[in-house]
Peer 1: 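Could you have a look at this structure, given as structure tokens, before my questions?
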Amino acid sequence: MSKIFNQILTSKKQQNEKYLSIFLTAGFPEKDDTVDIILQLAENGVDFIELGIPFSDPIADGPVIQKASDKALTNGIRLKDVLNIVKKVRESSDIPVILMGYLNPIHTMGIEMFLNNAKEAGVDGLIIPDWPYEESHLYLEQMQRADIDLIHLIAPNTPKTRIREIDTISTSFIYCVAYTGVTGQDNRPTRRTTEFFKYLNQTLKHPWIIGFGVNNHRDFQLYTQYSDGVIIGSAFIQLLETTPASARIAAIRSFIRGVK
Amino acid sequence: MTRFNKIGYFGEYGGQFIPEILRPALIELEDAYNKLKDDPQFQQKFKEELHDYAGRPTALYFAENLTKHFQKAKIYLKREDLNHTGAHKINNAIGQILLAQYMNKKRIIAETGAGQHGVATATVAARAGLECCIYMGAEDIERQHPNVQRMRLLGAEVKPVHSGTATLKDATNEAMRDWLANVKTTHYIIGSVVGPHPFPMIVRDFQKIIGEETRAQIQKKENHLPDYILACVGGGSNAIGIFHPFLEDAEVKLIGVEAAGLGIDSHQHAATLGRGSCGIFHGMKTYILQNADGQIQLPYSLSAGLDYPGVGPEHSYLFNSKRVEYNSVTDQEALNAVALLSRIEGIIPALESAHALAYLNYLMPKTQKEEIVIVNLSGRGDKDMDIYITHICEAEKNKQ
């Protein structure tokens, strides 16, 4: 696990502080906006960034992130541009950056070359929803060499034995999706999922955070009763979509301060 | 860690590249299938349904006029177009609805391109009394309208998909998203030998009845195996269905025909094996059409059923191992084959199947009179009448 990231995760956990992570699509709304937006987020106290690699067929995403991904591709963003964004962020910020995307663009670059490039750019971790452990474990050694964590996902329908296995193999935090579905649905936790979150709280050895359908302060409070933190994605993309560039700095500040 | 092994591979193709949410459903499906596959009662029930409801066995028809036309090898047509609902798709739909019922699923979803798989799924869901939702690209809804009406008449909800290119790949994305959200109650009847394991295996097993019948029929008629078998390939279910029982017979040459659209070098085609490269898409590792950045490329074919940027992983394996030869024909060549078969044999083929027929122009000159060629006529052309009226009937009128 990357050192800085490790420090942040453990020190927060010890102080029982909750993490806030923000997802944004690289190259959205415009191709050159992303570095500034990430630096703004860092300045306003976001703990880590999930930077989306745009893909033509994002099957785990709802309409908001699909549209952002399409727009970013239309803007001409490529995987090497995404890595360059991280490199530029690193010139002035240590905020951990996790790349989130689908396997095919990475596979096309070549998994090993991608890991080397990602390490060089200063990437801390990867979330790849269509790369389960069965397929990804062949690359564990390369990931360790590159000091990049693969973050595993679990869902409310993941069997308990599988949860324990994922906890064992994880090298960083665990990403729990709040419901079975795609990103950005307005689903409230049911009694069953609440029970599930309580179970995770008692069981998992690794820090874990909840994502999917997390929008605001109310959700932050609701989910961090159980988890070590949350990820906000679609709601932040919507903010970027509806805010003119001139008002963005103020809007990001009030959004992030409003959440925590 | 019992499940942490690579599973569901054909050589280096296949696998399960899926979000964690779908894993329990795929395991449930595989367990159910493994239990039923060797259960004589299930097999009996499946065979009965194919016989009494789908109308199997379908004929293996000696196309005498087509044979005379080329004056070379004897040509037989495997008449999958005579199946209930008009194509081979019903074989898989019948098998998978039995699986869904066994797993106690209350709701069925499917993607469809040409609408043939959508109609087949709506048909078996109607009969089983299960709620049914079919995802179809908005563009395909335009070009295959009669099938949309049929699905609605059968009680299915047809959901138009506007995202991406509004064709089969996007309908598949949307069906997967639905499945992610409703995985507990819903079975996804995938329509071809694509997607994550175990789908390519299950769909192949339900379709291999085509090849098993063909084998028995040709041996009865000619007392030996065919020299060539031709089938069109989009996702590749009718092709795997007829090829599979012949894979061990090295003397039987197997030829898959992809859609070259406006031409294989035009960038307007759906020739995934002919022009694609290895990638990860819709839960599988296989050949796909993609750009240099790994973004999925827009396929093109006039035929909605072949307009898909991927191909079943078993085809990728058979392509690499060279057991099956893959070629392609253009829209226009397929349309010419439609006109020819209609005029001389009185059979209007589906535009997809016409791609396999069109390849006869390339194959037949190389054959000998005593050889035998079988073409899998995977579907009938009723659904394509609008296209045929525009591109064949009116084109001929304009010539006069």
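Sequence lines set the chain letters: A, B, ... in the order given, protein chains first and strands last, and positions in each chain run from 1. What's counted below: heavy atoms across the whole structure, side chains too, no hydrogens, waters or symmetry copies.
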Peer 1: Non-hydrogen atoms of chain A under 4.5 Å away: do they reach the side chain of B/Asp170, the backbone, both or neither?
Peer 2: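 The answer is the side chain of B/Asp170.
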Peer 1: For B/Gln290, is it the side chain, the backbone, both, or neither that has a heavy atom closer than 4.5 Å to a heavy atom of chain A?
Peer 2: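 The side chain, not the backbone.
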Peer 1: Checking the side chain of A/Glu135 only, and the main-chain atoms of B/Gln16 only, is there a donor and an acceptor separated by less than 3.5 Å?
Peer 2: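 It does hold such a pair.
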Peer 1: By a 4.5 Å heavy-atom criterion (distance strictly below it), what part of A/Ile154 contacts chain B: side chain, backbone, both, or neither?
Peer 2: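 Only the backbone of A/Ile154 comes within 4.5 Å of chain B.
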Peer 1: Between atom CG of A/Leu103 and atom NZ of B/Lys285, what is the distance when rounded to the nearest 0.5 Å?
Peer 2: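 It is 8.0 Å, given to the nearest 0.5 Å.
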Peer 1: Measuring from A/His107:NE2 to B/Phe281:CZ, what's the distance to the nearest 0.5 Å?
Peer 2: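 A/His107 NE2 to B/Phe281 CZ: 14.5 Å, rounded to 0.5 Å.
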Peer 1: Of the backbone (N, CA, C, O) and the side chain (C-beta and beyond), which part of B/Pro24 lies under 4.5 Å from a heavy atom of chain A, both, or neither?
Peer 2: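 For B/Pro24, the side chain is the part near chain A, not the backbone.
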Peer 1: Using non-hydrogen atoms only, which part of A/Leu73 is less than 4.5 Å away from chain B: side chain, backbone, both, or neither?
Peer 2: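 Only the side chain of A/Leu73 comes within 4.5 Å of chain B.
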Peer 1: To the nearest 0.5 Å, what is the distance between CD1 (A/Ile59) and CG (B/Leu180)?
Peer 2: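 Going from CD1 on A/Ile59 over to CG on B/Leu180, the span is 6.0 Å.
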Peer 1: For the backbone of A/Asp57 and the side chain of B/Asn173, can you confirm whether one donor and one acceptor N or O come within less than 3.5 Å of each other?
Peer 2: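 No, the answer is negative, given that no donor and acceptor are paired below the 3.5 Å cut-off.
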Peer 1: Kindly say whether B/Phe17 contributes a backbone atom to a donor-acceptor pair with the side chain of A/Asp130 at under 3.5 angstrom?
Peer 2: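 Here the side-chain-to-backbone pair does not exist.
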Peer 1: Would you indicate whether A/Lys31, at its atom NZ, is surrounded by more than 12 heavy atoms from other residues, nucleotides or ligands within a distance under 6.0 Å?
Peer 2: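 More than 12 heavy atoms, drawn from other residues, nucleotides or ligands, come within 6.0 Å of this atom.
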Peer 1: Check whether more than 12 heavy atoms from other residues, nucleotides or ligands sit under 6.0 Å from atom CD of B/Glu142, and answer yes or no.
Peer 2: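 Count not over threshold, so no.
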Peer 1: What's the spacing between A/Gln66 CD and B/Glu174 CD if we round to 0.5 Å?
Peer 2: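 Going from CD on A/Gln66 over to CD on B/Glu174, the span is 6.0 Å.
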Peer 1: Specify the closest pair of heavy atoms between B/Pro19 and A/Ala60, including all atoms of both residues, with the distance to one decimal.
Peer 2: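 Nearest pair, atom of B/Pro19 first, then A/Ala60: CG-CB, 4.4 Å.
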Peer 1: Sort out for me which of A/Asp61, A/Asn187, A/Thr158 touches chain B most, counting heavy-atom pairs under 4.5 Å.
Peer 2: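 Greatest number of close heavy-atom pairs with chain B: A/Asp61.
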Peer 1: Give a yes or no on whether the backbone of A/Ser56 and the side-chain of B/Gln295 come within a donor-acceptor separation of less than 3.5 Å.
Peer 2: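 Yes; at least one donor-acceptor contact below 3.5 Å.
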Peer 1: Taking everything shown except B/Lys37 itself, do over 12 heavy atoms lie less than 6.0 Å from its NZ?
Peer 2: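 Yes - once you tally the heavy atoms of other residues, nucleotides and ligands closer than 6.0 Å, there are more than 12.
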Peer 1: What's the spacing between A/Leu153 CG and B/Arg23 CZ if we round to 0.5 Å?
Peer 2: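 Going from CG on A/Leu153 over to CZ on B/Arg23, the span is 11.5 Å.
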Peer 1: Could you tell me whether the side chain of B/Arg177 and the main chain of A/Pro58 form a donor-acceptor pair under 3.5 Å?
Peer 2: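 Present.
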Peer 1: Does any non-hydrogen side-chain atom of A/Asn104 lie less than 4.5 Å from one of B/Ile288?
Peer 2: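 A side-chain contact exists here, since the closest heavy-atom pair is under 4.5 Å.
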Peer 1: Checking heavy atoms, do the side chain of A/Thr108, its backbone, both or neither come under 4.5 Å from chain B?
Peer 2: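 The side chain, not the backbone.
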Peer 1: Going from CG on A/Asp81 to CG on B/Asp293, what distance comes out if it is rounded to the nearest 0.5 angstrom?
Peer 2: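 Rounded to the nearest 0.5 Å, the CG-CG separation comes to 8.0 Å.
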Peer 1: Go through the steps for A/Phe55 and B/Ile296 under the test side chain to side chain contact (heavy atoms under 4.5 Å, CB included), then give the verdict.
Peer 2: CA-CA 8 Å; A/Phe55 183 50; B/Ile296 307 305; 3.9 Å; yes
Peer 1: What part of A/Tyr102 lies closer than 4.5 angstrom to a heavy atom of chain B: side chain, backbone, both or neither?
Peer 2: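 Neither; nothing under 4.5 Å.
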